[in-house]
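Below you'll find the structure, written out as structure tokens, and then a few comments.
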Amino acid sequence: MIALLESRTKDPLSLSFSAVNESNLDRLNITQAGMLVLQDQEKLRDAIESTRELGVAELWSNENMTAAMVPSGQRVVVMLEKPVPSARPRESKMDTVSGVIDYTALLADARIARMHLRKPPQLTPRISQNLVAFFATEAKASDGIVLEAHTPQALVELVACAKHLGGGEGATYWESEVVGWRTEDAAMNVTVPMTSNRYDPAVIAGILSSW
């Protein structure tokens, strides 16, 4: 019986993103490097206000965030729910993960962007030489499941996408505390003072810049 259990722990895993939990992260060599904590209220408010005022007259400013800040001659291609083929988080292990990533944004020159619009690309190291990729995942609403419980799945989604753009032996990540803020019509346990409204991009940018 012991020999059978040992053999099963050595058998390669083949997991969908939704099946990943905290216990899988060590085996996949995905480790936490540290915690990100918010600055004190005064410093955080200053960071948010500075972000709002940055380049106020420019197209890419906080007041003009309907237009993306993209270098001249380049385009952004956004893909929703892109399938991610099997990836090996650890090159030295045969364990694989696969599934769907919620959002993929590619920044590339206009010619390559047009190609990707006609035929969405498979992410490969070769592709990564000609573009910049950004991935985002969102927690799915589930009764009785706290936000933190979605962390392992989100991590594996991002790691799998990154592995298709290049190799590596696992990954490290930084995690922030759960961030919430007040709104006029909701009483919450808050850590961030609102500066205008919940959709203000300066709030998120200010928090990120403070880190």
Side-chain angles (χ1 to χ4, degrees), residues 17 30 33 36 39 44-89 91 96-140 153-176 179 192 195-211:
F17 292 157
I30 300 175
L36 299 171
Q39 301 287 338
L44 187 58
R45 185 180 291 277
D46 288 345
I48 294 172
E49 291 298 339
S50 296
T51 301
R52 181 177 293 106
E53 295 169 3
L54 183 64
V56 66
E58 302 294 336
L59 180 64
W60 47 263
S61 70
N62 186 73
E63 293 300 319
N64 296 291
M65 285 299 288
T66 52
M69 185 174 66
V70 179
S72 177
Q74 297 199 322
R75 300 290 185 271
V76 173
V77 178
V78 178
M79 295 176 285
L80 305 181
E81 298 186 342
K82 179 177 174 57
V84 181
S86 292
R88 290 163 50 194
E91 292 297 318
T96 62
V97 292
S98 61
V100 174
I101 187 75
D102 293 304
Y103 304 98
T104 302
L106 304 178
L107 175 64
D109 65 47
R111 180 184 63 83
I112 294 177
R114 285 194 297 272
M115 292 171 52
H116 293 342
L117 282 173
R118 289 195 297 269
K119 183 179 180 181
Q122 292 296 325
L123 300 177
T124 65
R126 181 181 177 184
I127 285 287
S128 68
Q129 297 175 6
N130 300 311
L131 53 78
V132 174
F134 178 82
F135 308 102
T137 180
E138 65 181 50
K140 306 302 185 293
Q153 179 180 336
L155 287 170
V156 169
E157 291 182 23
L158 299 175
V159 169
C161 291
K163 293 303 177 183
H164 282 291
L165 299 178
E169 189 67 14
T172 58
Y173 67 95
W174 289 75
E175 184 176 358
S176 77
V179 177
V192 179
T195 55
S196 57
N197 64 68
R198 73 181 75 181
Y199 304 111
D200 186 355
V203 174
I204 296 175
I207 293 172
L208 294 176
S209 69
S210 72
W211 286 332

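Note that the structure is a prediction, hence the values are computed from the model and not measured.
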What is the distance from atom CZ of F17 to atom CD of E157, rounded to the nearest 0.5 Å? 5.5 Å

Taking all non-hydrogen atoms of both residues into account, name the closest pair between V97 and A160 and its distance. CG2-CB, 3.9 Å

For D109, give me all partners under salt bridge (charged side-chain N to carboxylate O under 4.0 Å, His left out), at least two apart in sequence or on another chain. none

Heavy-atom pair of closest approach, residues T172 and A33: CB-CB, 4.4 Å

Heavy atoms only: give me the nearest H164-A87 pair and the separation to one decimal. NE2-CB, 3.7 Å

What's the spacing between R88 CZ and E169 CD if we round to 0.5 Å? 9.0 Å

Nearest heavy-atom contact between A113 and R75 is CB-CB, 3.7 Å

Which residues share a side chain to side chain donor-acceptor pair (under 3.5 Å) with T104, sequence neighbours left out: none

I need the Y173 OH to L36 CG distance, nearest 0.5 Å. 11.5 Å

Atom CG in D102, atom NZ in K82: separation rounded to 0.5 Å? 13.5 Å

Set of side-chain contact (heavy atoms from CB on, under 4.5 Å) partners for S98, sequence neighbours left out: S86

Side chain proximity check, V159 to F135, heavy atoms < 4.5 angstrom: no

CD1 on I101 to CE on M79, rounded to 0.5 Å: 11.0 Å

Using 0.5 Å steps for rounding, measure from the CD1 atom of I30 to the CG atom of L155. 6.5 Å

Show the nearest heavy-atom pair for residues L106 and A133, with the distance to one decimal. CD2-CB, 3.7 Å

Classify the side-chain pair E81/Y103 by whether it contains a donor and acceptor separated by less than 3.5 Å. no

